[in-house]
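This report concerns only the one structure given below.
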Amino acid sequence: MSKSFSAFGLAVSAVVLTCLPAAAQTKVTNEGISATEIVIGTHQDLSGPIKGWGVPVANGMKMAAEEINASGGINGRKIRLVVEDSGYDPKKAVLASQKLIERDKIFAMVGPMGSPTVLAAQDILFDAGVLQLFPLTAAEFTFKFDPAKPQERLKFNNLLPYVESTRAALKYMMEWKGFKKACIMHQDDEYGKNVLDGFNQQLTAMKAQPASITSYKRGASDFSAQIAKMKSDGCDLVVLGTVLRETIGAMSEAKKLGWDVTFLGATPTNVMEVPALGKEAVEGLYAASGFEIPYEDTAKGKVKDWLVNYKKMFGTDANTQAIIGYNAMMTFAFYAQKAGKDLTGQKMLDALESGEKFLDIFNSPPTKFSKTDHLANTITQVQQVKGGRWVLVKDNLMF
């Protein structure tokens, strides 16, 4: 038993044991479940460099919780969502997770934000038997698990993974446009390294060499050196392992230098704020994506209603991040409902691994897990910024 688990002092009765085929056992907590509620925790960047992601994700989760509770809850239990601010700082994410486990007694961590922050805190969750569900990062460590380490069975991811989506989008772009000198600028953390892995793996598969590889520290705002290097190296396609402001910053710098090159962003660049804030600087940007971004003036049916309701609740337009947060909670509710009225950690784990499909209202690929595969899907799209909004270029891509 680890020191961190001992420190939490969780009662033996709060943990159940689930058998795995290899006779290993997974501890799953029953904390946070009462006759009337289920306590769910999350940590988001509400004040740091990617608060443009964290705030709408939290809003989407809150909206989903309100809808679920208004309709009677999950088998009669209402959701109590506790949101903590990590500031996109791994140390703060660890403290937030400890607080959610020790003080709030959460049943599950749903939709936690960011590769470095999720990575720093996830072992604390596993030691306590807390499920880590649908984090806002598609890094491989969030869904790949070693059967010899039974606590890793507690992680599930419903986002398009960075490695696979980067490979699929890069393959499509190189074959479609005939690029010969691909390069990459990536964030120097777990997220960026996953994009870099996808980039390198696909070039190797296509028997091509990278023209240039450059990185930047998380939170950086000056990309002049990186853009100058890639221009000097003669790149004809730039893959961006960036987030929001870094995407705009890199492309703005290229415009300053008069460098007319094609940019392809990893999935985190595929958000409404990039064209809304970047304007002409990001026109023409391509990006890997998992679903089409809806716009209120063209949306229909349930999606149109959802966009209108979100704006009424939060006084701003819904975006990609809000949809992801909303879907994280709705996916949790779907599997918790399947787990039955006598909800336990083991029954929740069984429901998640049952192969049952969850379909959202946004026409995303279905979410489906099994006992051996805790990743929902790898189907990739490519979208492009045209006229200040994202439009679909190609669907159903695989590498």
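Index from 1, following the sequence.
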Q) What's the verdict on side chain to side chain contact (heavy atoms under 4.5 Å, CB included) for I40 and V110, showing C-alpha distance, side-chain angles and the deciding distance? A) CA-CA 7 Å; I40 302 302; V110 178; 3.4 Å; yes

Q: Return the set of residues passing salt bridge (Lys or Arg N to Asp or Glu O under 4.0 Å) with D85 (not counting sequence neighbours), or none when no residue passes.
A: none

Q | Over-ring placement of R218 relative to Y88, 6.0 Å and 45° cut-offs | A | yes

Q: Can you tell me which residue pairs pass the salt bridge (Lys or Arg N to Asp or Glu O under 4.0 Å) test with a partner in residues 291-316, sequence neighbours excluded?
A: D297-R389, K311-D317

Q) Between H374 and E152, do the side chains contain an N or O donor and an N or O acceptor separated by less than 3.5 Å? A) no

Q: Taking side chain to side chain donor-acceptor pair (under 3.5 Å) as the test, write out the residues that go with Q151, two or more places apart.
A: none

Q) So how far is it from C183 SG to I213 CD1, rounded to the nearest 0.5 Å? A) 9.5 Å

Q: Could you list all the side-chain hydrogen bond (donor to acceptor under 3.5 Å, both in side chains) pairs where at least one residue sits in residues 245-259, not counting sequence neighbours?
A: T242-T247

Q) Among pairs that include at least one residue of residues 211-234, which meet ring pair (Phe, Tyr, Trp, His ring centres under 6.0 Å), considering only residues two or more places apart or in two chains? A) Y216-F223

Q) With sequence neighbours left out, what residues match D188 under side chain to side chain donor-acceptor pair (under 3.5 Å)? A) K217

Q. What is the distance from atom CZ of F126 to atom CZ of F145, rounded to the nearest 0.5 Å?
A. 11.0 Å

(Q) When you compare the side chain of P135 with that of N157, does any pair of heavy atoms fall below 4.5 Å? (A) yes

Q.
Within this structure, what is the CE-CG distance for the pair M348 and L133, rounded to the nearest 0.5 Å?
A. 5.5 Å

**Q.** From K149 atom NZ to D123 atom CG, the distance as rounded to the nearest 0.5 Å
**A.** 9.0 Å

Q. Minimum heavy-atom separation for P90 to T117, with atom names?
A. N-CG2, 3.7 Å

Q: Any salt bridge (Lys or Arg N to Asp or Glu O under 4.0 Å) involving residues 223-236? Give me the pairs, sequence neighbours left out, ordered by first then second residue.
A: K229-D233

Q.
Can you confirm whether the side chains of D360 and S364 place a donor and an acceptor under 3.5 Å from each other?
A. yes

**Q.** Between CD on residue Q44 and OG on residue S86, distance to nearest 0.5 Å
**A.** 7.5 Å

Q. Of all heavy-atom pairs between L159 and L136, which one has the smallest distance, and what is that distance?
A. CD1-CA, 4.0 Å

Q | Considering all heavy atoms, the nearest N158-N377 contact | A | O-ND2, 4.3 Å

Q. Taking only residues at least two apart or on different chains, which pairs with a member in residues 131-141 satisfy salt bridge (Lys or Arg N to Asp or Glu O under 4.0 Å)?
A. E140-K144

Q. Taking C-beta and beyond as the side chain, do V238 and I184 meet within less than 4.5 Å on heavy atoms?
A. no

Q.
Rounded to the nearest 0.5 Å, what separates atom CD1 in I293 from atom OG1 in T298?
A. 11.0 Å

Q) H43 and A93: which non-hydrogen atoms are nearest, and at how many Å? A) CE1-CB, 4.0 Å

Q: Verify the ring-centre separation between Y162 and Y191: is it less than 6.0 angstrom?
A: yes

(Q) Testing F334, F369, Y335, F134 one by one against F358 for a ring-ring contact (aromatic ring centres under 6.0 Å, His included), which residue passes? (A) F334

Q: With sequence neighbours excluded, tell me which residues meet side chain to side chain donor-acceptor pair (under 3.5 Å) with E37.
A: R80

**Q.** N327 backbone acceptor or donor facing T331 side chain under 3.5 Å
**A.** yes

Q. Any salt bridge between E84 and K99, counting N to O under 4.0 Å?
A. yes

**Q.** Residues in ring pair (Phe, Tyr, Trp, His ring centres under 6.0 Å) contact with F143, at least two apart in sequence or another chain
**A.** none

Cut-off 3.5 Å, no hydrogens considered: what does the side-chain donor-acceptor table look like for residues 390-399, sequence neighbours left out?
unit_1: W390; atom_1: NE1; unit_2: V271; atom_2: O; d: 2.9
unit_1: D395; atom_1: OD1; unit_2: Q381; atom_2: NE2; d: 3.4

Q: Might you work through the side chain to side chain contact (heavy atoms under 4.5 Å, CB included) test for K181 and L237, ending with a clear yes or no?
A: CA-CA 7 Å; K181 301 188 73 174; L237 174 66; over 6 Å; no

Q) For K341, does its backbone N or O pair with a side-chain atom of R77 as donor and acceptor, under 3.5 Å? A) yes

Q: May I have the step-by-step check of side chain to side chain contact (heavy atoms under 4.5 Å, CB included) for L375 and T378, ending in yes or no?
A: CA-CA 8 Å; L375 173 67; T378 58; 3.6 Å; yes

Identify all side-chain donor-acceptor contacts of residues 49-68 below 3.5 Å with residues at least two apart in sequence or on another chain.
unit_1: N59; atom_1: ND2; unit_2: Y310; atom_2: OH; d: 3.4
unit_1: E67; atom_1: OE1; unit_2: Y326; atom_2: OH; d: 2.6

Q.
Please evaluate residues Q383 and S289 with respect to the criterion side-chain hydrogen bond (donor to acceptor under 3.5 Å, both in side chains), reporting the C-alpha separation (whole Å), side-chain torsions for both, the decisive distance (0.1 Å), and the verdict.
A. CA-CA 7 Å; Q383 297 184 36; S289 61; 2.9 Å; yes

Q) Only one of R167, M174, E164 forms a side chain to side chain contact (heavy atoms under 4.5 Å, CB included) with Q202, so which one is it? A) R167

